[in-house]
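Dumping the structure here so I can ask a few things about it.
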Amino acid sequence: MNTQPTLFSPALAARFDKLVTLYPIKRSALVPMLLYAQDEVGYLSDAVIAEVAERIGVSELEVRNVISYYSLLRTRPLGKYHVQVCTNISCMLRGGNEILEHCKKKLGIPSKGVTADGLFSLEEVECIGACCWAPAAQVNYDFHENLTPDSVDEVLADYRAKAGNGEKK
Amino acid sequence: MADVTLTVDGKKFTTPAGTLLIEACRAHGIEVPAFCYYPGLSLQAACRMCVVRIEKMPKLQTACTTTVAEGMIVTTESPEIAQARKATIEMLLGNHPLDCPVCDAGGECELQDMTFKYGAHESKFVEIKQHRDEQQWSPVVFFDRPRCILCYRCVRVCGEGMDVWALGVQNRGVGSVIAPNRQDHLDCEECGMCIDICPVGALTSGAYRYKTRPWEMSHVGTICAHCGDGCKTTLGVRRSSDGMEIVRGDNRDKSGINGDFLCIKGRYAFDFANREDRLTQPLIRQAGADLRSVSWDEAIEFAGLKLREIRDSKGGSAIGVIGSNRTTNEEAYLLQKFARTVLATNNIDHHRTADYPAYASALSGKSEASLRDVGSARAILLLGNDPTEQHPGLAWQIRTNVRLNGARLYVANHRLIRLRRQATAFLQIRESNYAALISFLGGASPPAGAQNAAAFRNAVRKEESLLIVFGSEFCGRDIEALLKFGSTLPSVKFACLGDYANSRGAADMGLYPDLLPGYVPVSAAAHFTEEYSAGLPTQPGLDIMQMLDAAERGELDALYVVGANPVARYRRNGTALRDTFLIVQDMFMTETAQVADVILPAANLYEKAGTVTNTFGDLQLVKKAADRAGVRTDFELIVRLAAAIGADVKKLVPFGPRGVHADFGQARGAQSGEADRHGVWLSAHHLEPRLSPFDPFAIFDEIQRLVPAYDVPRLDLLTGNDQHLRSELVQIEKPVSRPDLVLPSNDTLFTSGSLGLYSKTLHSVLEARQPVETAAD
Ligand code: SF4
Ligand code: SF4
Ligand code: SF4
Ligand code: FES
Ligand code: FES
């Protein structure tokens, strides 16, 4: 359908071609499209924004408006593993702040920072819906719960090992 | 819709169902404060200033989103409401710099007014205010983020109103910020709508920022000097060392035919008037020497004697006159009267931008549309032209009508013009096929290459009432054919698009070699001869091309150019005019002025009074706003020149405390005492009788009498209301086939003929978009 050159893999491009036909208003496909694009490319680069705007038929400004509204959409590359530590109320009461501090020390980066090797990035986030198992953190799409500084070390070590294997997740 | 009855603050009234509560209140004199609500834009309900108490509803409600209901009982002011509004303002002021003493909006700021009204003087916030530096987004638009109260009016007016969508909102909550479409700058129409609609001083204009305070200006509502739409613009003027300078153009007077709208030219391109390099000294060139400045008397005497000598020795046919698209009706009228009665020549013309004579004769008996009609028509057929660029005011009215009233727009054009986005149907044709398009609409086969033409025609012909707007792609016979097609439809109105502020007036007032005011052929001048009590030349004179050709051949002895730049416009070689005695009346040293023998510094449309007619036939009052020492109005200069030639000024301009009856009422036969009417009318309305021959209104009476379409109620006109010409009443003889000589100026949003070249604002926008070639061509 879309014969324009695309930034995306053929499978994702095909998915987008279909996506815009699913809603009564094309614009409704914007947020899902951005999410999928981010998963594939890693972040929403200027080129991604331009192509998404083109596909949806809105201005780039409008795409940026939406991106800036959602903190889960980002316009800068992050680490291969994005560590999101919750410090909202339940987690805070059960040591979320300590977990965050521990991560900062361990990775040597502040919140929103990226390690020099590009492997990890860190972000302090609001409630991620895992309050029952607080304190909690999310790495990419995986949850890690009832964290202690020790278990955080294990989690990070696991990812480091995975990266050594060349696995994505 | 059915009506409902409600009670607001104890006042009971009836209003149509579906009305917003805030509008119902306003219509009944109850002011509900509002920051985000703006009539005609989508609802936002972002600011909570408009909260009111409605009985039986649990919380305070926003009046800007609540529609009226039967039996509703509303309170708009109470301690509870005041407290809520005060709290809202306290939040809005959380990060607000409160720099009112230096802010452009100080003194006319809605936030300031509300803070005063609700006494939100203290704040519970102890946090340090976040400062952000001011940003320049374009030559025109500056943004001062901390002052922004996030009402989103700017975002909506740019998107919904202008269909430009150049402004957005980024982030969320307290972090929300207005953002331009190119990350750190704007790429847009630079209309300034966002700036004027901003209730605070967050958006400011390059033209006005930090120049003055609102109360230091006088505000004069007049008509834009640029395109043929005739928008009303309010000029803020302030005394300067050499007169009154214009410091601001805006649209505080929304009563005009443009409603809320002004484009960059109406709002900011007044700056030509303030230029340092304006001509302010009369100049003459004697015996091939350089131009030298002289006194007014010397310059006018010099020009007058020379004109008289030529007229007396060689006859009027040795003299030519070129008029302007931007002088008032009175000036254009006077100029042709001067040419015909004083210079005894029909060699008079102007740069024609539309074939108004053909239009006027085809129109007789049919209706012409006012620009106001465009805002309310059920359906519009737009043929040719690109209003977004050439008639921004028209484009605004079309968009607004489509958006708010669901009007249907049909566009046929050879280009993919922007307004096709608003169109129900768009038909692309070849540039050479406009004539074929008319026959097609009338039933012939479609023009070659047009897609879906049949559906387009069917839809157009199904409309029960239609407004047909056409550009200068149509001239002569094509106009006749188009109007003929139009009259086969049940109900139709027409509009013919010409380019400049008074192009229509110049045509109506007879700046033609073959037509007198009101498109009366010069061969049928009897009526005029009687009025003017002078013989008029009855042979058509030279048109503008013939005059320039004759001058270049050295066969035209004198040429009087008023507010025009034919050398540049017609790409002539100025030096070829050296054998012609050239008098130029202008604001600047234009290409034409450079080769003149006499230069008379003239005032512009913002520095004089009179009337102008927009291309839709809306007659409007022009008021004097600015002033520049050393210049004179074209009206005054024509009168003075006539006097220097030795003409009887009273014959040219009937003036005096009691008109002219004492002097030559007899000579005017059946019209005896007529010229008096102006004086009588003035005293009847407790206005000063005109005492000066330089008063343009002294001649308006004559215009109304001789050009019947201009016979509109004068009191309405003088109080600043647009009056639509009564063109349909006027039967105009079909002119014999004549060259139309229409030369469209193809201006864009950022150009305006020779005048545009002298606007720094327009120039800076063009420069910011692309390096402008400096070669003057
Ligand atoms: S100047 Fe006009 S076009 Fe530009 S951002 Fe403001 S409203 Fe939009
Ligand atoms: S810049 Fe002005 S108009 Fe735009 S949101 Fe802010 S306060 Fe409102
Ligand atoms: S649309 Fe035409 S008349 Fe209106 S402000 Fe712009 S240039 Fe002036
Ligand atoms: S508070 Fe941390 S997951 Fe809900
Ligand atoms: S005016 Fe009603 S919420 Fe802003």
Side-chain angles (χ1 to χ4, degrees), chain A residues 4 7 20 24-35 37-38 41 43-78 84 86-89 110-113 123-129, chain B residues 36 41-42 44 46 130 132 135 137-138 141 143 145 148 150-191 193-194 202-203 388 399 403 416 418 420-423 426:
Chain A
Q4 297 293 314
L7 289 165
V20 289
I25 302 171
K26 236 176 162 187
R27 201 173 176 278
S28 310
L30 181 55
V31 171
M33 193 179 285
L34 287 169
L35 277 170
Q38 175 168 284
V41 181
Y43 72 106
L44 301 169
S45 62
D46 289 351
V48 170
I49 291 173
E51 184 173 336
V52 169
E54 178 68 38
R55 283 173 174 272
I56 303 277
V58 297
S59 66
E60 290 180 30
L61 174 69
E62 201 159 340
V63 176
R64 284 181 200 279
N65 295 346
V66 170
I67 293 173
S68 64
Y69 186 89
Y70 294 104
S71 50
L72 80 172
L73 296 174
R74 23 179 209 268
T75 52
R76 285 180 302 117
L78 293 175
Q84 300 155 74
C86 172
T87 56
N88 212 298
I89 193 133
S111 175
K112 301 213 167 146
E123 188 178 0
E124 178 180 7
V125 295
E126 304 300 327
C127 180
I128 54 176
Chain B
C36 69
L41 297 180
S42 64
Q44 189 81 38
Q130 299 221 8
R132 290 283 185 289
Q135 300 167 13
W137 282 348
S138 79
V141 187
F143 181 57
R145 177 175 172 187
C148 171
L150 293 170
C151 66
Y152 309 129
R153 282 188 194 176
C154 55
V155 176
R156 284 173 288 153
V157 81
C158 181
E160 299 164 15
M162 295 301 299
D163 193 30
V164 173
W165 307 96
L167 295 173
V169 192
Q170 307 213 320
N171 308 329
R172 66 191 135 109
V174 283
S176 301
V177 57
I178 302 302
N181 59 356
R182 294 285 176 267
Q183 307 207 42
D184 62 346
H185 69 276
L186 271 171
D187 173 10
C188 72
E189 292 190 4
E190 312 280 358
C191 62
M193 290 295 289
C194 53
L203 288 167
T388 308
R399 284 194 306 266
R403 180 167 59 91
L416 295 172
R418 270 262 304 284
R420 75 182 193 284
R421 288 159 53 93
Q422 276 70 33
F426 174 68

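Throughout, a chain's letter reflects where its sequence line sits, starting with A, and its residues are numbered from 1.
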Atom pairs (donor, acceptor) spanning chain B and chain A, under 3.5 Å:
{"from": "B:Gln170", "atom 1": "NE2", "to": "A:Asn65", "atom 2": "OD1", "distance (Å)": "3.2"}
{"from": "B:Asn171", "atom 1": "N", "to": "A:Ser68", "atom 2": "OG", "distance (Å)": "2.7"}
{"from": "B:Arg172", "atom 1": "NE", "to": "A:Tyr69", "atom 2": "O", "distance (Å)": "2.4"}
{"from": "B:Arg172", "atom 1": "NH2", "to": "A:Ser71", "atom 2": "OG", "distance (Å)": "3.4"}

* Asked: If every non-hydrogen atom of A:Leu61 is compared with every non-hydrogen atom of B:Leu167, which pair is closest and at what distance?
  -> CD2-C, 3.3 Å
* Enclosure of A:Ile89 CD1 (heavy-atom neighbours >12, cutoff 6.0 Å) ->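 Open.
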